[in-house]
Every structure is written in C-alpha cells, then in structure tokens.
Amino acid sequence: MKNKKTSIYKAKAISGYPEWLPEYRVIELQWFDAIRSVFESYGYSSIETPSVEELDALMAKGASDKEIYTLARLQADEESKKDKSDARLALHFDLTVPLARYVSQHFNNLIFPFKRYQMQRVWRGERPQKGRFREFYQCDIDVINIDNLPLHFDAEMPRVMHEIYQKLNLPEKIQIRISNRKVLVGYLLGLGIAEDMIADVTRILDKIEKIGSDNVVKQLTDDLGLDTKLAEQSLALSKIRGGKAKELINAVKALGVNNDLLEQGLTELFFVLDNLSDLPDGDVIGDLSIVRGLDYYTGTILEAYIVSDTDFGAVGSGGRYEDLTGSFINKKMPGIGISIGLTRLFSWMVDGGHLEPQRFSSTDILVVQSSSESYEVSMQTANILRNRGFNVELFHSAVKIKKQLSYAEKKGIPYVWFPPFEGVDVHEVKDMKSRVQLVADPENYIF
RNA sequence: GCGACUGUAGCUCAGCGGUAGAGCCCUCGGUUGUGGUCCGAGUGGUCGCGGGUUCGAACCCCGUCAGUCGCCCCA
C-alpha cells in the first residue's frame with residue numbers, strides 16, 4: 001500500500017444525503033415495517049415506481065418550480081446530447097406525479113378506487129438545512145378513482161396518519177392540522193381579493209405561526225399592496241383553529257363572508273373533522289391557516305407537526321386533488337393522499353437523542369475460533385446453531401480469546417460459543433450479560 | 001439563487017504571528033483460552049484549497065470550495 005496521501009479522496013458526508021449507523025438503521029427498518037403494516041391494514045396495495053421519470057412527465061403538472069435533478073451520462077458526447085430520441089430523464093421529486101403516470105399507464109389493469117402505498121426515496125435540489133434533505137424517504141398512500149371520490153377517504157387519510165404516529169413511539173405529540181382549500185380560496189374571493197392574487201396572499205398567510213400576525217399584515221400591505229383592513233380581514237380566517245368541528249365552522253361563518261365555494265368547503269371540512277372526533281383532543285384539529293403547495297390541491301389539505309417544535313416543519317402532509325391524471329389520460333380522476341416525511345421525522349429523533357441505539361448487528365451467537373486447525377469444528381458448530389434458526393457469526397480468525405470476546409462485547413452479541421479445543425472435549429456457551437459460562441450441546445441447548 | 005457564521009488527527013475541539021496539541025477512537029502490551037474498569041506504549045495531520053503580506057502564517061488579507069443555520073420553498 002504505497003498510496004500517497006495526496007491521492008486519497010477524503011471521505012466526507014454529502015450535504016443533504018443522510019445515512020445512519022447500523023444501530024440506528026435497525027430502527028429505521030422497524031419504522032418502515034410499522035408504517036407498512038398500518039397502510040396494509042387499511043387495504044392499500046404496494047407499488048414501486050422507478051427512481052426516474054421522463055422530465056416531461058414530471059413537469060406535466062406544471063411543478064417546474066421544484067428543484068429537479070436530471071440524469072446525464074458521463075460518456076455522453078456532443079453528438080448524443082443532440083440525439084432527441086433519448087428522452088431526458090430526471091429523479092422524481094415526490095411520489096404523486098409518478099403515481100399519476102402509473103395509473104394512466106396501467107389504467108386497464110387497476111381496480112378502482114385504486115388504493116396504493118409507496119415508500120421510496122425522492123430527490124429535491126433545494127439547499128439542505130435542518131430537517132431538509134436532498135434525498136429522503138416519503139411514505140405515501142393515495143386513493144384515486146374515476147369521476148368522483150367519496151369524502152370518506154378525506155377522513156381516512158388523517159386517521160391513517162394518526163395511527164402511524166401513534167405506532168412510532170415518539171416522545172413528543174404530533175398534531176395533524178386540517179383545512180380545506182375551498183374555504184380558504186372561497187373566503188378570500190368573497191372578500192373581493194382578485195383571483196390572480198390568491199396564491200400570493202395565501203403564501204403569506206401560511207407564515208402566521210412562523211412570523212406572527214403583525215408581520216403577516218405588514219407583508220400583505222407592503223408586498224402585495226392590500227389595504228390594512230383587507231389584510232386584517234384576510235388574516236382573520238387564518239387565526240381560526242380548534243378541535244370542535246361545529247365551533248370552528250361557526251367561527252368562520254361569524255366572519256360574515258358569503259361565497260358558494262366557501263360554503264361548500266365548510267361542509268366538507270365539517271364532515272372530515274366530525275368523522276375524526278373520536279380521536280384524542282388536540283391530535284387532529286381544524287386549522288384554517290393551513291395552505292399547502294398550490295399546485296394540485298383543491299379540497300381537503302392537511303399537515304402534521306411536532307407540537308413542541310413546529311418550526312422544524314411538517315413531518316407529514318397531504319390533500320385532495322380534483323384531477324391528478326389530466327395531463328396523462330383523457331379521464332377525470334380525483335384523488336386524495338398523504339405523505340409521511342419519514343427521513344425528516346427520523347432525523348429529528350436521531351438528532352434530538354430520542355432514539356435508543358440498538359445492537360450493531362442482529363447476531364445472536366458468536367462462535368469462537370480457537371486455532372486455525374479448529375476452524376472446521378467451529379464452522380460446523382456455527383452451522384448447527386444457524387440451522388436451529390439463530391443468527392450466528394463465526395469469528396474470522398484464530399486470535400486471542402480476549403479479542404474475540406471484546407468483539408462480541410462491542411457488537412452487543414449476547415452469547416459466545418466455545419467449541420471443543422485441545423484438552424477440553426465439550427462445548428461451552430457464555431452468557432455475555434451474566435458472564436456465566438456453561439457446558440452445552442449445540443444441538444439442543446436452550447438459550 | 002441571496003445572507004450570516006464555521007472549516008486544525010477517524011470523531012469532538014484547543015492553539016490565533018515563531019519548529020503542530022488534548023480527549024475519545026484505534027493498535028500493541030500488563031505471560032498461560034475469557035469482554036465492560038485501570039495502567040503503560042504506539043499509529044495517525046498537505047491546520048479545506050489557491051494566492052498575497054511577513055525574516056517567519058494554522059493564525060493577518062484576498063479569492064475559492066465545502067459545511068451549518070436562516071430567506072425562498074418544502075416531507
């Protein structure tokens with residue numbers, strides 16, 4: 001190994017691309033299992049779509065403001081770059097657009113309403129930050145149907161979300177906040193705000209919790225030119241928040257704005273909140289400051305936050321879209337879906353020290369190798385134990401027992417097995433925790 | 001894309017103009033087949049990179065790259 005230091009590529013983490021040590025990865029896998037079992041308990045089917053889609057497909061919904069990673073071949077020369085036959089590929093930035101493509105493509109083979117779950121990495125080129133990654137897992141469920149989709153599904157989504165957060169053993173409460181874009185948009189239109197300003201106004205209203213009411217009014221007036229009264233009226237809706245469906249609806253009505261869309265939205269929101277009223281107080285609330293991305297959501301919208309750390313950002317979100325597949329197929333297909341931000345939530349747990357590191361490996365038994373001549377007997381012993389269903393590791397060289405025990409200790413392996421060796425013709429097993437060592441038969445020893 | 005701060009050993013950091021340091025980790029040892037402690041020894045650094053100032057730069061200046069946090073946006 002004459003590698004000159006100067007030629008070594010210094011190992012370093014790439015910002016925004018998280019990875020965990022084995023003792024935490026185990027827990028991440030447990031999370032996947034827990035989430036999957038809840039998804040399946042509600043009858044969702046699993047699919048997986050490729051990491052890439054054609055760039056045109058990803059952009060079809062006009063989501064061009066997302067930071068999309070495109071793929072390029074290192075060997076691509078000028079000639080092939082001009083080759084139009086190669087469609088440009090890009091990494092998906094969420095799982096909803098791939099779903100739309102998938103449903104359109106496999107339309108004839110799917111059963112509707114199509115309920116699917118998908119747990120995959122997604123990629124976004126945004127600048128990394130605390131809780132914000134460039135590569136991360138999203139765990140999604142969506143229901144998509146032809147022509148119309150019952151409102152019951154709008155209530156099922158937060159219920160599934162709630163169940164998952166319960167299952168993950170989190171140290172802090174997660175709150176699911178629900179609103180309805182028809183309420184928000186209808187209210188603002190009813191106030192007389194121009195349709196083409198709705199997006200800008202809602203974007204600012206969304207910041208109420210982060211920057212406070214005064215600053216919201218300031219931005220609405222300074223940046224958008226709303227007069228102070230209109231700004232305050234706009235804000236009035238966003239201040240409404242609460243658990244009881246009826247009171248929430250009445251509070252909106254008390255603002256005295258009349259608009260058909262608003263009425264429709266209130267009816268939907270009431271249905272959803274009322275349906276969830278059996279859940280513990282504060283776990284699910286109506287919150288009219290919720291805005292969500294403006295791309296395709298049209299009805300119910302929801303976000304989930306860590307109550308003690310809302311600045312950390314949403315750890316789950318979702319909503320209803322009137323027509324998801326419009327750009328892929330000539331059918332109207334409404335849907336509703338949610339996404340659990342697994343990586344964000346998991347990283348919060350790791351960084352906050354909320355996770356108890358697990359064993360480095362799942363090895364149950366380490367079989368000692370006494371000498372190079374005894375390799376055969378050690379291997380046979382390991383096989384016997386492995387055939388009985390245990391996870392067994394055979395130590396990789398005949399070094400001092402001290403080193404082999406130390407290895408087992410560090411890896412958290414609970415048992416060390418000593419096959420017969422010179423002078424001793426029985427097997428022995430040591431319980432690392434109690435330090436007790438006994439004569440044992442690998443064929444039938446009960447651990 | 002914009003702004004603030006930070007880059008010294010594998011990790012956490014000290015040093016802040018005069019020949020590179022600590023703790024942890026790792027390796028070896030404290031005799032015979034037995035791990036968590038303790039003791040001793042050792043390996044390991046282009047002080048992010050490139051210029052400049054200076055007799056002399058890890059330290060000062062400029063640039064650059066990277067990281068962290070915030071804005072934007074979002075899981």
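Note: hydrogens, waters and symmetry copies are ignored here, and every other heavy atom, side chains too, is used. A note on names: the letters A, B, ... follow the listed sequences, proteins ahead of strands, and every chain is numbered from 1.
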Side chain [X], main chain [Y], donor-acceptor under 3.5 Å:
X	Y	answer
A:R320	A:I301	no
A:S406	A:K402	no
A:Q138	A:Q120	no

Report yes or no: is there a donor-acceptor pair, N or O only, under 3.5 Å between the side chain of [X] and the base of [N]?
X	N	answer
A:R132	B:C73	yes
A:R435	B:G36	yes
A:R124	B:A75	yes
A:Q404	B:U34	no
A:K402	B:U34	no

* Structure fact -> Per nearest nucleotide of RNA chain B, the residue lying toward the 5' end, A:P419 or A:P128, is A:P419

* Structure fact -> Per nearest nucleotide of RNA chain B, the residue lying toward the 5' end, A:T343 or A:S15, is A:S15

Out of [options], which nucleotide sits closest to the side chain of [X]?
X	options	answer
A:E409	B:G35, B:C71, B:A75	B:G35
A:K430	B:U34, B:G30, B:C73	B:U34
A:E126	B:G70, B:U34, B:C73	B:C73
A:K130	B:C69, B:C28, B:A75	B:C69
A:K400	B:U34, B:C72, B:G30	B:G30

Pairing partner (Watson-Crick or G-U wobble, both distances under 3.5 angstrom) of [N]:
N	result
B:G63	B:C49
B:C73	none
B:C55	B:G18
B:C38	B:G30

If I take atom [atom1] in residue [X] and atom [atom2] in nucleotide [N], what distance separates them, rounded to the nearest angstrom?
X	N	atom1	atom2	value
A:F346	B:A75	CZ	P	21 Å
A:I68	B:C74	CD1	P	14 Å
A:R344	B:C74	CZ	P	11 Å
A:I401	B:U31	CD1	C1'	16 Å
A:E135	B:A75	CD	P	17 Å
A:D309	B:C69	CG	P	13 Å
A:Y407	B:C26	OH	C1'	16 Å
A:R203	B:C71	CZ	C1'	14 Å

Expressed in whole Å, how much space separates the [atom1] atoms belonging to [N] and [M]?
N	M	atom1	result
B:G23	B:C39	P	11 Å
B:C59	B:G48	P	8 Å
B:U8	B:C49	C1'	14 Å
B:A9	B:G18	C1'	23 Å

* Check every strand shown and say whether A:A314 touches a base, only sugar-phosphate, or nothing at a heavy-atom separation below 4.0 Å. => sugar-phosphate

* Touch class at under 4.0 angstrom, heavy-atom based, for A:K411 against every strand present -> nothing

* Heavy-atom pair with the smallest gap, counting every atom of A:L91 and A:L71 -> CG-CD1, 3.8 Å

* Asked: Between A:F133 and B:A75, do the rings stack, that is, sit under 5.5 Å apart with planes less than 30° off each other?
  -> no

* Checking A:K411 against A:F360: charged group under 6.0 Å from the ring centre and within 45 degrees of the axis? -> no

* Asked: Is a side-chain donor-acceptor pair under 3.5 Å present for A:R127 with A:Q129?
  -> no

* Have A:N180 and A:Y297 got a donor and an acceptor in their side chains that come within less than 3.5 Å? -> no

